[in-house]
Trainee: 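Right, I'll just put the structure down here and ask away after.
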Amino acid sequence: MDPVTEKREYRDDYDDKTLYIPGPTEVRDDVIEAMAEPMFGHRMDRMTDLYTTIVEDTKTFLGTDNEVVILTASGTEFWEASTLNLVDENILVPTCGSFSERHANVAERLGKDVDRLEYEWGEAVKPEDIREHLESTDKQYDVVATVMNESSTGVRNPIEEIGDVVAEYPDTYFVVDAVSALGGDHVDIDEHGIDVIFASTQKAFAMPPGLAVCVVSDDAYDREVEKGDSSWYGGFRRTIDYYDRKGQTHSTPAIPIMLAYRKQMKHMLDEGHRARDERHREMMAYVHDWADEHFAMFPEEGYESQTVACIENTQGIDVAATIEEVSAEYDMAFSNGYGSQLGEETFRIGHMGEHTVESVKELTDAIEDVADL
Ligand SMILES: Cc1ncc(COP(=O)(O)O)c(C=O)c1O
């Protein structure tokens, strides 16, 4: 195969850009600095202190009594692991954009029988559609898997209401991809029958990339045990039992990123889940107003994401050129629309993690200047 990308040497002299992409996002200086410690062994007591701290702090932050697994991986790991751990045969995946589609694709590649409930890009998944589908089918679904925040379209799906519907089917487990939402959008995990919900650290947690966080209900754990086979790396039983016995991970983790996690989770606890949610809501409202003034929001009204704004390019600006110029003149990075489908038709602003209305306004001012709005 001919290589497409020219291989280049990393130069170490790049300009820093303020990140308004849908992850990775800005990371606090003290969180970056926390990674620069002499290395220690992953079977030392110190590791137990570190890992039990970040797991228990995460439970406290999220307000959940469920188990928390933190692994060296990106969120993608839990598309695969949750499917292997819970699905014998049938899985229902409502698809409303690129990431929910990829979730369905992962399950297909694992040999599962996947039914999609397809929505137009920009539309949100509706609980009543899920109910209708579950009521009208003869199939027994092991899992309904829904993306909370479809990062390609900026849609926030009503996973709480969907969870309430799935909870009426005790043999069907509810899996939520909250990769770009958790930490910036409050969700009451234990109230809505969410068996598995996972995120990546580089999004609304505002940590460096490299860890995936997964919250697992007792029912999901028991289901995996009953099912018999599972993912090795992301098996719920293996990871949770290892934590219970040793307070560590089953294999060598990215220790520096866990040190960063520890630091940032303390900041998140100081702020609180509700207050973080409120700050993200304010950013969303600000960007929404700005988009209404200059463009339009892409998602179906009432389902706009709190962390990723997808804005319809109603003015026909040159999105790629605007991104480049904002980067060159203001050292700020935001994103085009997702893939060839939405590349120039929309653009996306990641207002997640540590951003504030003030910092997001700096970006929208820059876009106004460059695009002459
Ligand atoms: C909704 C959603 N799911 C899954 C992923 C994949 O996450 P990761 O790249 O951390 O594996 C992403 C990445 O942007 C995402 O936005």
Side-chain angles (χ1 to χ4, degrees), residues 19-27 69-84 91 93-110 116 119 121-125 143-159 162 174-185 187 194 196-215 231 233-234 253-254 257 260-261 280 298-299 303-310 333-339 341-343 346-353:
L19 299 178
Y20 298 91
I21 55 178
T25 184
E26 289 295 292
V27 179
V69 176
I70 302 173
L71 285 183
T72 302
S74 73
T76 294
E77 164 64 17
F78 285 106
W79 279 335
E80 219 161 57
S82 61
T83 305
L84 287 169
I91 174 170
V93 187
T95 55
C96 58
S98 177
F99 291 98
S100 40
E101 172 51 39
R102 205 177 295 175
H103 197 153
N105 187 251
V106 165
E108 267 166 356
R109 281 172 176 248
L110 293 171
R116 290 171 174 74
Y119 290 84
W121 283 39
E123 282 183 359
V125 178
V143 160
V144 173
T146 308
V147 68
M148 177 168 168
N149 200 62
E150 180 44 84
S151 319
S152 60
T153 61
V155 164
R156 199 301 196 173
N157 284 319
I159 52 142
I162 297 169
F174 187 40
V175 172
V176 176
D177 166 357
V179 164
S180 60
L182 206 64
D185 186 338
V187 51
I194 298 174
V196 175
I197 183 167
F198 54 91
S200 308
T201 47
Q202 75 275 14
K203 310 272 188 186
F205 279 61
M207 298 172 189
L211 299 175
V213 182
C214 186
V215 185
S231 159
Y233 189 77
I257 306 173
Y261 191 116
H280 282 77
F298 181 71
Y303 297 95
E304 297 85 358
S305 153
Q306 279 188 205
T307 52
V308 180
C310 185
F334 69 106
S335 286
N336 53 359
Y338 197 89
Q341 204 166 331
L342 294 179
T346 64
F347 60 92
R348 291 172 303 151
I349 298 175
H351 41 77
M352 56 173 69

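All of these numbers come straight from a predicted model, not from anything done at the bench. Along the sequence shown, residues are numbered consecutively beginning with 1. Counting starts at 1 for both ligands and their atoms, following the listed order.
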Trainee: Find all atoms of ligand 1 within a distance of less than 4.0 Å from any non-hydrogen atom belonging to Ser200, and give their numbers and elements.
Mentor: 7 (O), 8 (P), 10 (O)

Trainee: Tell me yes or no: between the side chains of Ser98 and Ser152, is some donor less than 3.5 Å from an acceptor?
Mentor: no

Trainee: Students often mix this up, so state it plainly: with edges at 30° and 60°, are the rings of Phe78 and Phe198 parallel, tilted or perpendicular?
Mentor: tilted

Trainee: Got the closest protein heavy atom to atom 3 (N) of ligand 1, with its distance?
Mentor: Asp177 OD2, 2.6 Å

Trainee: How close does the nearest protein non-hydrogen atom get to atom 4 (C) of ligand 1, and which residue and atom is it?
Mentor: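 That would be Trp79 CZ2, 3.2 Å.
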
Trainee: Give the contacting part of Thr76 toward ligand 1: side chain, backbone, both or neither, where contact means a heavy-atom distance below 4.0 Å.
Mentor: both

Trainee: Using a 4.0 Å heavy-atom threshold (strictly under), name the region of Val147 that reaches ligand 1: side chain, backbone, both or neither.
Mentor: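 The part of Val147 near ligand 1 is the side chain, not the backbone.
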
Trainee: Checking a contact table here: which protein heavy atom is nearest atom 9 (O) of ligand 1, and how many Å away?
Mentor: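 Here the closest protein heavy atom is Gln202 NE2, 4.0 Å.
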
Trainee: Tell me which protein heavy atom sits closest to atom 16 (O) of ligand 1, plus the residue, atom name and distance to 0.1 Å.
Mentor: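 Protein heavy atom with the smallest distance to atom 16 (O) of ligand 1: Ser151 OG, 2.4 Å.
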
Trainee: Ser180 pairs by side-chain hydrogen bond (donor to acceptor under 3.5 Å, both in side chains) with which of Asn149, Thr307, Asp185?
Mentor: Asn149

Trainee: What atoms of ligand 1 come within less than 4.0 Å of a heavy atom belonging to Asn149?
Mentor: 1 (C)

Trainee: So do Tyr261 and Val213 actually touch side chain to side chain, heavy atoms under 4.5 Å?
Mentor: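 Yes. Closest side-chain heavy atoms under 4.5 Å.
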
Trainee: Please name all residues satisfying ring pair (Phe, Tyr, Trp, His ring centres under 6.0 Å) with Phe99, sequence neighbours left out, ordered by chain then number.
Mentor: Tyr338

Trainee: Where do Val143 and Thr83 land on the side chain to side chain contact (heavy atoms under 4.5 Å, CB included) test, with the steps shown first?
Mentor: CA-CA 8 Å; Val143 160; Thr83 305; over 6 Å; no

Trainee: Please write down residue, atom name and distance for the protein heavy atom closest to atom 14 (O) of ligand 1.
Mentor: Lys203 NZ, 2.6 Å

Trainee: Please enumerate all residues that pass salt bridge (Lys or Arg N to Asp or Glu O under 4.0 Å) together with Glu77, with sequence neighbours excluded.
Mentor: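 Partners of Glu77 by the salt bridge (Lys or Arg N to Asp or Glu O under 4.0 Å) criterion come out as none, since no residue qualifies.
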
Trainee: With nothing but distance in play, are any N or O atoms of Ser74 less than 3.5 Å from an N or O of ligand 1?
Mentor: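 For ligand 1, there is an N or O atom that lies under 3.5 Å from one belonging to Ser74.
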
